[in-house]
Every structure is written in structure tokens, then in C-alpha cells.
Amino acid sequence: MRLSDIFFYALGAIKLRKLRAGLTMLGVIIGIAAMVALLSITQGLQAAITSQLQRGLATDTLVVSAGGGFGGGNSRFSLLVNDTNIIDSIQNVTVSLAVIQRVGYIKCGEQAIRITIVGINFAAYKEIYSSTFMAEDGEIPVNPEDDVIVIGKRVNLPWNNETAFCRTGDHVEILWTNTTARPLKNETYTGRVVAVLREVGGFSIGGPSDSSVYIPLERAITFFGTDKCEMIIVKLKDDNKATIDGVSKAIKKAFGGEAAVTSSTALLNVLSDVFATVELFLAGIAAISLLVAGIGIMNIMIVSTMERIREIGILKALGMRSRTVLLIFLSEAIIIGILGAIIGVGAGYVLAQVAVRIFGGDMSFAGQGAAVRGAIIITPVLTPNVIIGAVVFGLLVSVVFGLYPAWKASKLRPVEALRYE
Amino acid sequence: MAVIVEAVELKKTYMLGKVPVEALRGVNLKVEEGEFLSILGPSGSGKSTLLNLIGALDKPTGGKLYIEGVDTATLSDGQLADLRRKIGFVFQFFNLIPRLTALQNVELPMAIAGLSGIERRKRAEELLETVGLGDRKNHKPSELSGGQQQRVAIARALANNPRFLLMDEPTGNIDSKSAHEIIQLVKRLNIEQKVTVIMVTHDQKLAMEAVRTLHMLDGYIVKETLN
Ligand SMILES: Nc1ncnc2c1ncn2[C@@H]1O[C@H](COP(=O)(O)OP(=O)(O)O)[C@@H](O)[C@H]1O
Ligand SMILES: [Mg+2]
């Protein structure tokens with residue numbers, strides 16, 4: 001029998017029991033859709049985070065913070081602004097820069113919005129983040145006068161529309177509450193906006209952020225009344241692993257093991273490891289649902305062969321070989337499997353888009369010290385690998401679970417099959 | 001004339017659990033090409049068992065069966081399947097595939113034999129014309145009377161130009177008028193198209209329509225008559 005005839009014969013048998021085939025297929029669709037949705041979301045998330053990290057913090061930089069890194073901080077050790085001198089003397093370090101930051105408000109006219117106030121050396125920051133610490137409007141002064149302020153894009157346009165909150169040239173007030181003073185004391189810094197940064201997007205470690213305002217380091221020291229800094233950003237000669245590891249070690253040693261050193265490259269590696277694990281885990285869960293779908297296929301195919309024993313007898317009496325009978329029944333399983341997989345890929349992608357709209361969009365990450373902050377937009381990624389993988393998996397499941405019933409059907413002896421009522 | 005089917009001491013014993021049922025106890029027969037032969041016997045005498053063996057639907061438990069001189073015991077399952085393509089089988093209960101139209105049912109054996117869609121459609125239409133159902137080709141079996149269904153079955157049996165036609169109680173399930181039409185059709189096919197026919201029945205009158213009749217009883221052929 002020709003393969004095309006086998007296919008159409010199988011298709012005809014499926015069409016006869018549309019509802020049943022549809023329900024069986026639904027099992028496959030759900031399994032594949034779950035797999036595709038989960039994978040395309042995690043891959044999208046991974047792509048988003050990776051690209052943001054690569055953009056937000058150059059791979060040739062390290063971030064030094066006081067003890068513990070994320071969440072730590074019981075230690076009495078603190079980094080001082082002048083510690084940059086120690087770090088600058090380490091081999092392979094190009095430049096280092098202290099960051100003092102506080103959460104506060106910026107007031108322009110009658111309105112105020114919440115922001116992060118960051119004190120940095122403008123020239124050094126510009127050198128390290130040459131692609132992101134860039135003015136869209138105005139100019140970032142290299143030797144800033146006392147009262148200058150540089151604002152992030154979201155401070156300029158906080159409401160996702162054309163209405164500006166404040167712009168270059170505006171005189172504004174920056175406020176923060178000194179919680180260590182008793183009674184609590186509100187401090188005010190009056191200044192002039194000299195530049196609006198280009199949109200950075202996403203989040204970064206130490207790098208420029210859309211929702212921050214920047215003031216010169218010396219002013220921050222007096223404004224915040226401290227010479228302790230939250231982090232020191234270190235630019236290296238290159239981003240070789242040896243350089244990163246060597247400098248990290250040297251910095252830890254210089255601070256007696258109290259300082260935490262974060263490298264974006266190391267973070268990226270850890271992240272991609274984590275993502276690989278998460279992906280495997282999610283794919284595993286989805287695979288279980290496909291297993292269930294496979295058992296559904298097997299169940300339905302067994303019922304189908306039982307119902308069609310007489311038909312099999314007729315086919316054999318007409319000279320059909322056992323192998324062809326097997327192929328017909330296997331084709332039925334495969335048609336259900338492949339069709340289910342294809343629909344499942346589409347449904348999974350739609351599901352991923354919907355899920356991202358509902359749960360995604362603004363995912364915020366907040367931390368202390370070497371803070372990761374900002375928002376990332378996840379775009380589900382549907383790679384050809386995922387598509388091919390899903391279809392192959394659907395095929396595999398249908399073949400594996402369709403094989404036994406098909407084999408049973410093919411083994412029926414013609415006389416007995418014909419006698420069957 | 002060439003001998004097309006030959007049975008020598010052919011035996012078939014079924015096992016009903018542990019009890020052996022001897023359906024054929026040693027059948028000897030020869031069928032010549034172009035013959036119209038009937039096998040007559042009461043129910044349970046072993047007629048269907050014999051026909052199933054000749055049709056390669058089952059295997060004997062003793063004796064020899066030669067089809068066109070080939071000992072069927074030497075054939076593999078695949079070769080037996082191929083042999084069935086050269087044998088036209090007509091059953092008491094028609095055994096058409098319900099979801100296929102008359103035309104598709106007639107095309108089926110040709111599809112199994114690997115003919116192309118165009119070839120088999122043309123032949124299936126001709127065959128339905130021959131059995132007088134040219135205007136019913138797109139009807140499903142459920143939309144046809146018993147007599148019409150059996151005519152579709154005959155057309156299907158003839159599809160691959162079989163070496164012989166095996167009919168097991170072909171009129172057993174249809175009204176007498178249709179039965180008469182069927183038997184006239186079979187006779188016409190035998191005379192005009194030289195189709196060899198072996199027909200099994202328990203109906204004496206029907207058996208007499210054939211040229212030669214073998215009488216069966218309790219798994220033996222006990223008598224032979226020419227009509
Ligand atoms: N598959 C089977 N298993 C057990 N006994 C069978 C089977 N087929 C037929 N028989 C027995 O063999 C004998 C002959 O049956 P069968 O060839 O169908 O007779 P007929 O067609 O002449 O009525 C009967 O006694 C019947 O019960
Ligand atoms: Mg019988």
C-alpha cells in the first residue's frame with residue numbers, strides 16, 4: 001500500500017471519531033503548550049536579563065560593596081570614599097569610583113517623586129559607563145559646579161507619556177530623610193538640572209539607571225553627612241577571567257576579607273547556570289504532562305483497535321500485510337501527536353505572551369549594596385530549537401505510546417478477527 | 001484444464017480450551033480453472049473452515065493445500081497476505097468497511113495492492129457498473145440494501161482480478177429475490193468472464209446452481225454430484 005493511501009486511510013478513521021480524537025489531541029496540546037510557554041518565557045527572561053546586565057554593567061568592571069553583598073550587612077565594616085585610593089593602586093585596575101546613594105524625593109514645582117539619589121564622580125562614571133552615562137539633553141559637566149544635577153530618563157518623563165516632570169534648566173529640590181539623626185531630619189539640596197540621561201532601560205549593578213538623579217560626590221558627602229560609600233565600582237584593564245579573578249582577590253585581601261566583590265561576568269555565568277537548571281526543571285514538569293497525554297493516546301488507540309477488530313480482519317482478508325496494519329494504526333497516533341504538537345506550539349506561544357502581559361512587564365529587583373534595580377521587559381522567545389523540539393517530542397510520545405496498540409492490531413489473525421462480533 | 005486448488009488429506013482441529021474440535025478430518029479435492037463449484041453441507045460440517053483454509057485466512061493442522069501448485073505451508077505470513085490479494089472473498093455478512101463509500105470499498109483491495117488512485121477509481125467504477133450499482137457508487141454500506149451490499153462485496157472481490165472467487169453463504173443474509181439476482185450475477189461472471197467460483201452453502205437449491213457440488217458432512221467430503 002502506498003504511504004499516502006495509508007495516511008489517508010488513517011485520517012479517515014480519525015475523522016470518524018472527531019470528538020474522541022480531539023480530546024486525545026487536547027492532552028498533547030496542553031502538554032506541548034505548557035512546555036513551549038515555560039521555555040519561551042524563561043528564554044525570554046534570560047535574554048532580557050543577560051542583555052541588560054551586559055548593557056548595564058560593562059563586563060570589565062567589578063563592584064565592591066561592604067560585606068555580605070546582597071542582604072548581608074551586619075558587619076561593622078564600611079567602605080569609605082577614600083578607599084578608591086587603595087583599589088587604584090592594585091594592578092590591572094584602570095580607575096575606581098565611589099558611589100554614595102540614598103532613597104529620597106525630587107521636588108519640581110509642586111510635585112515630588114521618589115528617586116534614588118546617587119553621588120558619584122561625574123568624570124570617572126562617564127569613563128566607566130561611556131555608553132549609558134550619556135546626556136540626551138543638556139551636557140554632563142566634567143568638573144561640575146556645586147549645584148548641578150543629572151537626572152535619569154524616568155525622572156524626566158515619569159508617567160509614560162509626553163508630560164515632563166522636570167527638564168534641563170529646571171531648579172529643583174532633592175530631599176532625603178536622615179534616619180540616624182534624632183529627631184529624624186529632612187535634608188534638602190537645591191540644584192539645577194544640567195542634563196537628562198538617555199534611556200538606559202532595565203536594571204544594572206552600579207551602572208546608570210533611569211530612575212536615579214546624580215550629584216557630584218563631594219556634594220553628596222556633605223549632603224548625606226558621611227564619607228561612607230555604598231559601593232566602589234572598579235574598571236579593569238580587560239575582561240579576562242584571570243584579570244577579574246586576580247583583582248577580585250586582591251581587593252578582598254586589601255580589605256581583610258570584609259568587602260564583597262561582584263563581577264558581572266561571574267554573575268552572568270551563575271545566572272546562565274541557574275537558567276539552565278530552571279529550564280530543565282520546567283521542561284521536566286511539562287514532560288510529565290506529555291507523558292499523561294501519551295497514556296491518553298495509548299488508551300484511545302487500544303479502545304480503537306478493540307472496536308475495529310473486524311475491520312482489521314477485513315483488511316487482512318483483502319491481502320493487507322501486518323506491517324501495513326501497524327503503519328495505519330501508528331499513523332493515527334502520529335497524526336494526533338503531530339497535529340497536537342503543532343497546535344500546542346502555537347497555543348504555548350500565545351500563552352507565553354498572555355502570561356507575560358499579566359505577570360510580567362515590570363519585574364522589579366531590589367537589593368542592598370550592589371543593588372540590582374529597575375524594570376525589565378520580557379519578550380517570550382520562541383527559538384526554532386524549541387519548535388522542533390516540541391514537535392519531535394510530540395511525535396516521539398505518539399510513536400512510543402501508539403506502538404503497542406498498533407502492534408497488537410497488526411498481530412490479529414484474520415479468521416479470528418473476522419469472527420469477532 | 002489446470003488445477004487451481006488441490007487439498008490432500010486436509011485437516012483442521014480447533015482447540016476449545018483443552019478440548020480438540022475436529023472441523024476437517026481429511027478433505028481431498030481438486031478445483032479446476034474456470035469451474036463453478038459448490039460445497040453443500042449442514043451447519044457445522046466444516047464448510048467455512050475449508051473455505052478459510054483455501055482463502056489463506058487460516059492454516060491447516062494437517063494435510064496439504066496447494067494453490068496454483070504452491071504448498072501453502074511453505075509460505076510466510078507476508079507471502080500469505082500477498083496470496084490473499086489474488087483471491088476474492090465474499091462473506092455471508094458482506095464485511096464492507098462502514099465508513100467507506102461503495103466505490104472506496106471496491107478500491108480498497110487495489111489500494112492495498114499498491115495501485116494508483118486513478119487506476120483503481122476507473123476499475124472500481126467499471127466493476128460497480130458490472131454488478132449493476134453504477135448509480136450507487138457514493139453510497140455508504142448503511143445506505144444500501146443487503147443485496148446491494150453483497151454486490152458491492154462481489155465487485156470488491158473481483159477488484160484485483162483474482163484467480164478464484166470464494167463465497168461463504170453469499171445469499172445467507174439477503175432476501176430471496178436479491179439472492180436470485182446475486183446468483184445470476186455469479187453465473188454470468190463465471191460464464192462470460194471465466195471467473196473460477198467456489199461457493200459454500202447449506203441451501204440445496206442454491207448449491208444446484210453450480211456445475212459441480214461437493215457434499216460435506218462432519219469434516220469429510222462424502223459425495224460429489226454434477227448438476
Ligand atoms: N475458531 C473455532 N474454534 C473452535 N471451534 C470452531 C472454530 N471455528 C469453527 N469451529 C467448529 O468447527 C466446526 C465446523 O465449523 P464451520 O466450518 O464454521 O462449519 P460450517 O461453516 O459448515 O457451518 C463446528 O463444530 C464449529 O463449532
Ligand atoms: Mg459457515
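In what follows, chains are A, B, ... by sequence order, proteins preceding strands, each numbered from 1.
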query: Taking Lys86(B), Arg99(B), Gln104(B), Arg85(B) one by one, which has the highest count of heavy-atom pairs under 4.5 Å against chain A?
result: Arg99(B)
- prompt: Tell me, do Ile97(B) and Tyr9(A) make a side-chain contact under 4.5 Å, heavy atoms counted?
  reply: yes
query: Going by heavy atoms in the side chains, are Asn160(B) and Leu318(A) under 4.5 Å from each other?
result: no
- prompt: Which bit of Gln79(B) is near chain A, if near means a heavy-atom gap under 4.5 Å: side chain, backbone, both or neither?
  reply: backbone
query: Should we count OH of Tyr404(A) as having more than 12 external heavy atoms under 6.0 Å?
result: no
message: Any non-hydrogen side-chain atom of Thr49(B) less than 4.5 Å from a side-chain atom of Val415(A)?
response: no
- request: Name the region of Ile6(A), side chain, backbone, both or neither, that has any atom closer than 4.5 Å to a heavy atom of chain B.
  value: neither
message: Please check if the number of heavy atoms outside Arg323(A) that lie under 6.0 Å from its CZ is greater than 12.
response: no
- prompt: Which one of Ser322(A), Ser4(A), Gly12(A) has the most heavy-atom pairs closer than 4.5 Å to chain B?
  reply: Gly12(A)
- prompt: Above 12 or not: heavy atoms from other molecules or residues under 6.0 Å from CZ of Phe281(A)?
  reply: no
message: Need one label for Ser48(B): side chain, backbone, both or neither, based on atoms under 4.5 Å from any heavy atom in chain A.
response: neither
His202(B) atom NE2: more than 12 heavy-atom contacts under 6.0 Å: no
Residue Arg310(A) versus chain B: region with a heavy atom under 4.5 Å: side chain
- request: Would you mind reporting whether Ile314(A) and Arg156(B) have side-chain heavy atoms less than 4.5 Å apart?
  value: yes
field: Proximity breakdown for Leu115(B) and chain A, heavy-atom pairs closer than 4.5 Å
entry: backbone
task: In sequence, state the C-alpha distance, the side-chain angles, and the governing distance for Glu107(B) and Asp5(A), and then conclude on side chain to side chain contact (heavy atoms under 4.5 Å, CB included).
output: CA-CA 11 Å; Glu107(B) 279 187 48; Asp5(A) 287 329; over 6 Å; no
- prompt: Which region of Leu80(B), side chain (C-beta onward) or backbone (N, CA, C, O), has a non-hydrogen atom less than 4.5 Å from a non-hydrogen atom of chain A, or is it both or neither?
  reply: neither
field: Contact class of Ala417(A) relative to chain B, heavy atoms under 4.5 angstrom
entry: neither
Salt-bridge contact Arg419(A)-Asp58(B) (side-chain N to carboxylate O under 4.0 Å): no
Part of Arg413(A) lying under 4.5 Å from any heavy atom of chain B: side chain
query: Nearest heavy-atom pair of Lys316(A) and Arg84(B): which atoms, and what distance?
result: O-NH1, 2.9 Å
message: If you compare all heavy atoms of Gly114(B) against all heavy atoms of Arg2(A), which two are closest, and at what distance to 0.1 Å?
response: O-NE, 2.9 Å
